[in-house]
Asker: 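Below is one structure. I have some questions about it.
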Amino acid sequence: MQGQGQQQAYDRGITIFSPDGRLYQVEYAREAVKRGTASVGVRTSEGVVLAADKRSRSPLMEPTSVEKIHKADDHAGIASAGHVADARQLIDFARRQAQVNRLRYGEAIGIETLTKNVTDHIQQYTQVGGARPFGVALLIGGVENGEPRLYETDPSGTPYEWKAVSIGADRSDLQGHLEENYADDLTLDEGVGLALRAIASANEDELAADGVDVATVTVETETFVELSNDEIATYIADNDLEPSDEDVNEDPDTDADADEE
C-alpha cells in the first residue's frame, strides 16, 4: 500500500519527478494529444502546408464551427491536435507575441522565435504547483526571411523543426506515410496532395472537402491563406480520395474525446 501511495504522489504532482525521471502529468498530456484528430504539416520549396482532419461527430454540427487551423500572423499559421480550449489559449498567446513584435520592432516575428516563445510558455506549466500542462500539440508553420519553416510543439515545452510531421491520432501511421512519400523538391500543390493523402491513409483513403481544413503560406507572397471547400475538393479529386457513394451518408466514426474541432 505504501508503494502504491508513492506512485499516486508521482502521478498527481506535476512538480515531482518519479524515481526513473518521468513527469507523469506531461505524459498524460501527450495521451490527450493522441486522442485528438490528426493535423499534418509539410514544408516544400515553395512554402508550408498545414492540413487538419476536422470530421464532425454529428451531421447536425455546422462544419464551419469546427476550426483546427488558425492564422497567427500574416505570414504564419497554426494547426492543433488535442484539447481545443488549450489550443485556443496558446494560439491567442502566439498572436499576442506576433503583434508585440510588430509594435516593438516594426517587423514580422520569426517563426523560430514565435515557436520558442510559445514553448517557453508551455514549459512554465510543467514546473508550477497547482497547474497542469497544456493537453495540446501545435504545428507552427510560415515563412521567415524567405525560407519556409515548420515546427511542432510538445506538451513538455520542447520545440522540434520538421520537413513533414503529423500530430494527433494515428500519428505513427501518418508519419510513416509522410516518410515514404516526402521529397525535398515537392511543389506546394504536391505538398497539399501529400498532406491530404496522409490524412486519408488513416481514413480508408477517403476524404470529404468539408471534413478537412487546409492552409498554405507561400514563399512568394509570405501570406497565410486558407483554402476554400471547392479548392480542397479539387485537390481531393486530383488525388483520388473522394468517398464512395455508400459512405457519403454514413456518420463519421471519430475518436475525438479530447479534440472537438
Side-chain angles (χ1 to χ4, degrees), residues 14-15 23 25-43 48-54 65-104 108-144 148-162 165-169 171 213-217 224 226 256-261:
I14 186 59
T15 60
L23 289 174
Q25 289 297 316
V26 171
E27 295 185 16
Y28 295 157
R30 292 193 182 110
E31 291 300 317
V33 172
K34 293 178 183 178
R35 294 178 66 84
T37 52
S39 292
V40 174
V42 178
R43 190 183 78 191
V48 173
V49 176
L50 297 174
D53 185 348
K54 66 165 191 175
S65 69
V66 182
E67 293 181 300
K68 288 269 293 176
I69 298 178
H70 305 259
K71 179 180 177 180
D73 200 353
D74 291 340
H75 68 304
I78 300 176
S80 67
H83 279 286
V84 174
D86 288 9
R88 286 178 174 156
Q89 287 293 314
L90 291 177
I91 289 162
D92 284 346
F93 176 83
R95 287 169 172 166
R96 290 194 298 270
Q97 293 296 304
Q99 291 304 308
V100 165
N101 196 86
R102 285 188 180 274
L103 290 170
R104 183 173 294 167
I109 191 170
I111 305 303
E112 181 178 4
T113 300
L114 177 62
T115 302
K116 289 185 175 179
N117 286 351
V118 172
T119 52
D120 286 349
H121 182 64
I122 293 171
Q123 193 275 336
Q124 291 178 13
Y125 284 79
T126 69
Q127 61 180 34
V128 177
R132 66 163 176 80
F134 288 93
V136 65
L138 304 177
L139 296 180
I140 303 177
V143 176
E144 178 179 348
R149 308 291 293 272
L150 175 65
Y151 287 88
E152 172 199 4
T153 74
D154 179 79
S156 67
T158 307
Y160 303 95
E161 186 170 11
W162 294 85
V165 64
S166 168
I167 55 176
R171 171 167 182 162
D213 269 344
V214 180
T216 62
V217 183
F224 174 88
E226 282 197 78
D257 293 338
D259 193 340
E260 297 178 358
E261 70 171 13

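Excluded from the calculations below are hydrogen atoms, water molecules and symmetry mates; all remaining heavy atoms, backbone and side chain alike, are included.
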Asker: Treating Thr115 as the side-chain partner and Ile111 as the backbone partner, does any N or O pair qualify as donor plus acceptor under 3.5 Å?
Answerer: yes
Asker: Is the closest side-chain heavy-atom distance between Thr153 and Gln123 below 4.5 Å?
Answerer: no
Asker: So do Asp74 and Arg102 actually touch side chain to side chain, heavy atoms under 4.5 Å?
Answerer: yes
Asker: Report, as yes or no, whether the 6.0 Å neighbourhood of atom OH on Tyr125 holds more than 12 heavy atoms from other residues, nucleotides or ligands.
Answerer: no
Asker: Going through the distances and angles, do Arg43 and Glu144 end up as a salt bridge (charged side-chain N to carboxylate O under 4.0 Å, His left out)?
Answerer: CA-CA 13 Å; Arg43 190 183 78 191; Glu144 178 179 348; over 6 Å; no
Asker: Is the number of heavy atoms from other residues, nucleotides or ligands within 6.0 Å of CD (Gln124) greater than 12?
Answerer: yes
Asker: So, the side chain of His75 versus the backbone of Ile109: is there a donor-acceptor pair under 3.5 Å, distance only?
Answerer: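 Checking the backbone N and O of Ile109 against the side chain of His75, a donor-acceptor pair under 3.5 Å is found.
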Asker: Using distance alone, with no hydrogens and no angle criterion, decide if Arg149 and Tyr151 have a side-chain donor and acceptor under 3.5 Å apart.
Answerer: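 Side chains of Arg149 and Tyr151: pair found under 3.5 Å.
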Asker: For the side chain of Asp86 and the backbone of Gly135, is there at least one donor-acceptor N/O pair under 3.5 Å apart?
Answerer: yes
Asker: Could you state the interatomic distance from OG (Ser80) to CD1 (Ile167), rounded to the nearest 0.5 Å?
Answerer: 6.5 Å
Asker: Applying the side chain to side chain contact (heavy atoms under 4.5 Å, CB included) test to Leu90, which of Ile78, Thr119, Val136, Ile140 qualifies?
Answerer: Val136
Asker: For a quick test of reading the model, state the closest non-hydrogen atom pair linking Pro159 to Lys116 and the distance between them.
Answerer: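 Closest heavy-atom pair between Pro159 and Lys116: CG-CG, 4.4 Å.
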Asker: Val48 and Pro148: which non-hydrogen atoms are nearest, and at how many Å?
Answerer: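 In terms of heavy atoms, the two residues are closest at CG2-CB, 3.6 Å.
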Asker: Indicate the atoms forming the closest heavy-atom contact of Lys68 with Ala52, along with that distance.
Answerer: CB-CB, 3.4 Å
